Amino acid sequence: TARGEWFNAYSSLLSFCTTAQEKADQVEAFQHQLARFMSLLFCCALQTITDYECGDSFPTLDTQGIDTKSLTFLIGKRDPNQRMEIL
């Protein structure tokens with residue numbers, strides 16, 4: 001399934017992160033940001049294939065760390081296919 005493949009991709013990206021102690025904060029921030037992007041990507045994928053008519057509100061992780069301008073741009077794209085390509 002797509003969800004399984006995305007999980008494998010996420011896991012692979014995590015495995016390539018450095019274990020250097022001096023970069024631990026940067027690595028943690030990257031890993032959290034990556035999880036947020038994967039969450040948004042999965043949400044957009046569901047919006048693309050569903051007939052769900054309740055405001056297309058699927059749960060996602062919070063958007064902390066993603067700047068407001070980028071989120072506004074993403075939300076402005078009404079076509080979920082465009083959102084997936086942007087993410």
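Just so it is clear, the structure is predicted and the values come from calculations on it, not from any experiment.
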Output every pair passing side-chain hydrogen bond (donor to acceptor under 3.5 Å, both in side chains) with a member in residues 60-72, not counting sequence neighbours, ordered by first then second residue. Arg36-Asp62, Asp67-Ser70
Taking all heavy atoms of [X] and all of [Y], pick out the closest pair and write down the distance.
X: Leu61; Y: Ser39; answer: N-OG, 2.8 Å
X: Gln33; Y: Gly65; answer: NE2-O, 3.6 Å
X: Gln31; Y: Tyr10; answer: O-OH, 3.6 Å
X: Ser15; Y: Ser12; answer: OG-O, 2.7 Å

To the nearest 0.5 Å, how far apart are CG in Leu46 and CG in Leu41? 10.0 Å
Rounded to the nearest 0.5 Å, what separation is found between the CG atom of Leu14 and the CZ atom of Phe30? 7.5 Å
Under the side chain to side chain contact (heavy atoms under 4.5 Å, CB included) test, which residues partner [X], sequence neighbours left out?
X: Ile86; answer: Phe73, Leu74, Lys77
X: Glu5; answer: none
X: Ala9; answer: none
X: Phe7; answer: Ser11

What residue pairs, at least two apart or across chains, pass salt bridge (charged side-chain N to carboxylate O under 4.0 Å, His left out) with a residue in residues 8-28? none
